[in-house]
Amino acid sequence: MKNGHAEKHRVAVIGSGNWGSVASRLIASNTAKLPAFHDEVRMWVFEETLPTGEKLSESINQAHENCKYLPGIKLGTNVIADPDLESAVKDADMLVFVTPHQFVEGICKKLVGKLRPGAEAISLIKGMEVKMEGPCMISKLITDTLGINCCVLMGANIANEIAVEKFSEATIGYREDKHAANRWAKLFSTSYFLVAVVEDIEGVELCGTLKNVVAIAAGLVDGLDMGNNTKAAIMRIGLREMRAFSKLLFPSVRDNTFFESCGVADLITTCLGGRNRRVAEAFARNGGKRSFDELEAEMLHGQKLQGVSTAREVYEVLTYHGWQELFPLLSTVHEICIGQLPPTSIVEYRLC
Ligand SMILES: NC(=O)C1=CN([C@@H]2O[C@H](COP(=O)(O)OP(=O)(O)OC[C@H]3O[C@@H](n4cnc5c(N)ncnc54)[C@H](O)[C@@H]3O)[C@@H](O)[C@H]2O)C=CC1
Ligand SMILES: O=C(CO)COP(=O)(O)O
């Protein structure tokens, strides 16, 4: 307590890619007007040098715009880019993790012992890690490494659409601490961004993670010019496998979660308009002759796909348990991504 008033929450966003920049903008529009939060939002930037020779973080602070990952959109003067991870988080008690999932473990290790006491987190990251002991969701990795509570926010949230304030919904998943989840919902909710809160953290996070693999399948179907019926079939089979996989890993996962924004809605939007879909379409059009890594670098200019590595991670889990036969779509996507099967295998049905 300060001067008889509760101290204002301070927010740091860890990540400044496409969604990281949009999330910072959205949050900053709320911190600027809600008394519970300090105005300033610190955004950690993985520093890089732009073709002009300028540092990305300096360019963001000067133009209030991320010219590499979100060109043409003002972030708000209260978004402060900080290339120093420790300095970005040191005063914050609300930490928003939003990097590609492959980088989060290294980032968390650097943050051990550097956080303010009482800090809490939310993860917007769609992905998981696979350890010797089994799969580890990103929110759990954050909690286990840093000893802090971590909620998740997932949903049908193509960042470029939210950047121009088109209406969308999102789902916050939490475990036990509903007050914390509601605090996050307050930070994110706007008239064009509607947030629901559900007590099913694994269900919400697995929806966001697994739909990226199904989106690869949808992109392959587009690249093969198979049409809408085939794509709808892929989405249906994919949703069914997402639910079955989630429930095998975490029996507590609720069916209703798949009807929230994080479930069927995110699956649809990503299969229609996401980056995973787009790059997979190009992969199929090239007959699988150019790798996903090559196409990602050429088409996304530094943005990262999550679906290809997630397909590999899911496959490791399936192989470990001997479950491949139960998940033909999830397995086939990985086998196509690594060139073991041709793109046409996505519709050669062992799927239904
Ligand atoms: N872009 C979107 O529409 C949405 C993305 N997401 C999820 O948000 C997460 C973050 O994605 P975006 O913000 O879109 O990122 P992005 O894919 O646009 O950008 C890649 C980011 O990774 C950073 N980076 C590169 N190398 C790095 C390293 N070695 N260490 C740390 N950072 C490094 C880059 O500086 C850049 O900020 C992902 O899990 C994604 O699935 C979720 C919803 C929507
Ligand atoms: O997660 C997303 C939309 O909710 C974005 O998906 P992509 O990474 O495929 O663009």
Side-chain angles (χ1 to χ4, degrees), residues 100-102 126-132 134-138 206-227 229-249 266-268 270-272 274-300 304-352:
H101 78 280
Q102 57 270 38
K126 294 174 175 172
M128 65 187 199
E129 289 286 323
V130 179
K131 308 269 176 207
M132 290 286 280
C136 176
M137 302 315 295
I138 298 298
L206 274 159
C207 278
T209 298
L210 297 173
K211 63 87 194 174
N212 283 331
V213 182
V214 184
I216 299 270
L220 295 172
V221 160
D222 285 343
L224 296 168
D225 291 319
M226 299 294 295
N229 292 341
T230 311
K231 194 155 151 184
I234 290 290
M235 288 192 227
R236 185 196 72 80
I237 296 164
L239 186 61
R240 193 182 58 183
E241 290 194 16
M242 283 166 59
R243 188 179 65 162
F245 184 81
S246 303
K247 283 176 166 257
L248 274 175
L249 288 188
D266 195 10
L267 178 72
I268 292 171
T270 312
C271 288
L272 297 180
R275 300 169 295 188
N276 286 286
R277 187 218 66 82
R278 187 150 59 91
V279 177
E281 178 182 1
F283 180 84
R285 290 207 186 281
N286 283 284
K289 292 195 179 64
R290 298 187 65 203
S291 71
F292 271 95
D293 281 352
E294 200 183 336
L295 292 166
E296 176 189 68
E298 183 179 296
M299 297 173 69
L300 298 186
K304 302 284 181 201
L305 291 181
Q306 302 282 259
V308 175
S309 46
T310 303
R312 186 189 65 241
E313 287 144 6
V314 167
Y315 197 83
E316 279 175 42
V317 178
L318 298 180
T319 314
Y320 178 80
H321 290 285
W323 290 342
Q324 289 109 308
E325 297 280 305
L326 297 174
F327 297 94
L329 187 135
L330 296 176
S331 304
T332 302
V333 169
H334 172 65
E335 288 164 0
I336 293 171
C337 287
I338 60 169
Q340 197 172 305
L341 290 176
T344 46
S345 307
I346 201 62
V347 284
E348 281 164 10
Y349 274 66
R350 42 178 189 129
L351 287 192
C352 33

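Heavy-atom basis, side chains included; hydrogens, waters and symmetry copies ignored.
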Side-chain contact, heavy-atom cut-off 4.5 Å: [X] with [Y]?
X      : Y      : result
Leu326 : His321 : no
Arg312 : Ile338 : no
Lys304 : Ser309 : no
Val308 : Phe283 : no
Ile336 : Ile216 : no
Arg240 : Ile237 : yes

Contacts of His334 meeting ring pair (Phe, Tyr, Trp, His ring centres under 6.0 Å) (sequence neighbours excluded), chain-then-number -> Tyr315

>> Whether the side chain of Asn276 engages the backbone of Gly307 through a donor-acceptor N/O pair (distance < 3.5 Å, no angle test) should be reported.
In response: yes

Using a 3.5 Å distance criterion without hydrogens, assess whether the side chain of Thr230 forms a donor-acceptor pair with backbone atoms of Met226.
yes

Using the side-chain contact (heavy atoms from CB on, under 4.5 Å) criterion, which residues pair with [X]? Sequence neighbours excluded.
X      : answer
Ile268 : Met235, Val264, Leu272
Pro135 : Met128, Leu249, Val317
Ala217 : Ile234, Leu329, Val333, Ile346
Asp222 : Lys231, Arg277, Glu281

Asp225 meets the salt bridge (charged side-chain N to carboxylate O under 4.0 Å, His left out) criterion, sequence neighbours left out, with Arg285

For Lys131, the salt bridge (charged side-chain N to carboxylate O under 4.0 Å, His left out) test, sequence neighbours excluded, returns Glu105

- Worked check of side chain to side chain contact (heavy atoms under 4.5 Å, CB included) between Glu313 and Thr209: CA-CA 11 Å; Glu313 287 144 6; Thr209 298; over 6 Å; no

Salt bridge (charged side-chain N to carboxylate O under 4.0 Å, His left out) pairs touching residues 212-221, sequence neighbours excluded, are none

Contacts of Ser246 meeting side-chain hydrogen bond (donor to acceptor under 3.5 Å, both in side chains) (sequence neighbours excluded), chain-then-number -> none

Glu298 meets the side-chain hydrogen bond (donor to acceptor under 3.5 Å, both in side chains) criterion, sequence neighbours left out, with Arg290

Residue pairs meeting ring pair (Phe, Tyr, Trp, His ring centres under 6.0 Å), one or both in residues 206-226, sequence neighbours left out, come to none

Apply side chain to side chain contact (heavy atoms under 4.5 Å, CB included) to the pair Met299 and Arg275, showing each step before the final yes or no.
CA-CA 9 Å; Met299 297 173 69; Arg275 300 169 295 188; over 6 Å; no

